[in-house]
Amino acid sequence: VFAESNLEQGNRVVVYCRQGLHRTGVAIYLLLRLIMGEPEECLSMMEEMRPTMHKEFVHMQLHSKVEEILADSRFTSPWLSASRQARPRA
């Protein structure tokens with residue numbers, strides 16, 4: 001909620017962990033999915049921004065685990081609900 005509301009207001013959000021690969025990748029991918037939508041587009045953006053993180057993220061299949069969370073009906077987010085309704089992109 002913190003990240004979503006700050007991004008919605010046009011603020012920047014910093015995601016940090018010690019190595020900056022796995023936990024950071026999960027957090028960034030999840031935010032991108034909630035905001036932007038399509039998995040391929042999010043992975044492409046991650047690769048462009050942080051190639052090393054992207055390589056580790058894909059190698060460990062972490063995006064698949066995040067997709068399982070997003071598919072779970074118990075997971076709710078206003079951003080996810082909007083993206084499921086095919087929000088127009090800015």
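Residues take their numbers from the sequence shown, with the count starting at 1.
Here the options are I69, L62, V15, the test is side-chain contact (heavy atoms from CB on, under 4.5 Å), and the partner is V26; only L62 passes. The one candidate from L30, L31, L32 that meets the side-chain contact (heavy atoms from CB on, under 4.5 Å) condition with I28 is L32.
Contact between G25 and M46 at its shortest, heavy atoms only, is O-CE, 3.8 Å. Heavy-atom minimum distance, K65 versus M60: NZ-O, 3.7 Å.
In this structure, CD in E68 is found 11.0 Å from NE2 in H63, a value given to the nearest 0.5 Å.
Among residue pairs with one or both ends in residues 32-52, none qualify as ring-ring contact (aromatic ring centres under 6.0 Å, His included); sequence neighbours excluded.
By the salt bridge (charged side-chain N to carboxylate O under 4.0 Å, His left out) test, E47 is found to be paired with no residue, residues two or more places apart in sequence or in another chain being considered.
Residue-environment remark: CD (E48) stays at or below the threshold of 12 foreign heavy atoms within 6.0 Å.
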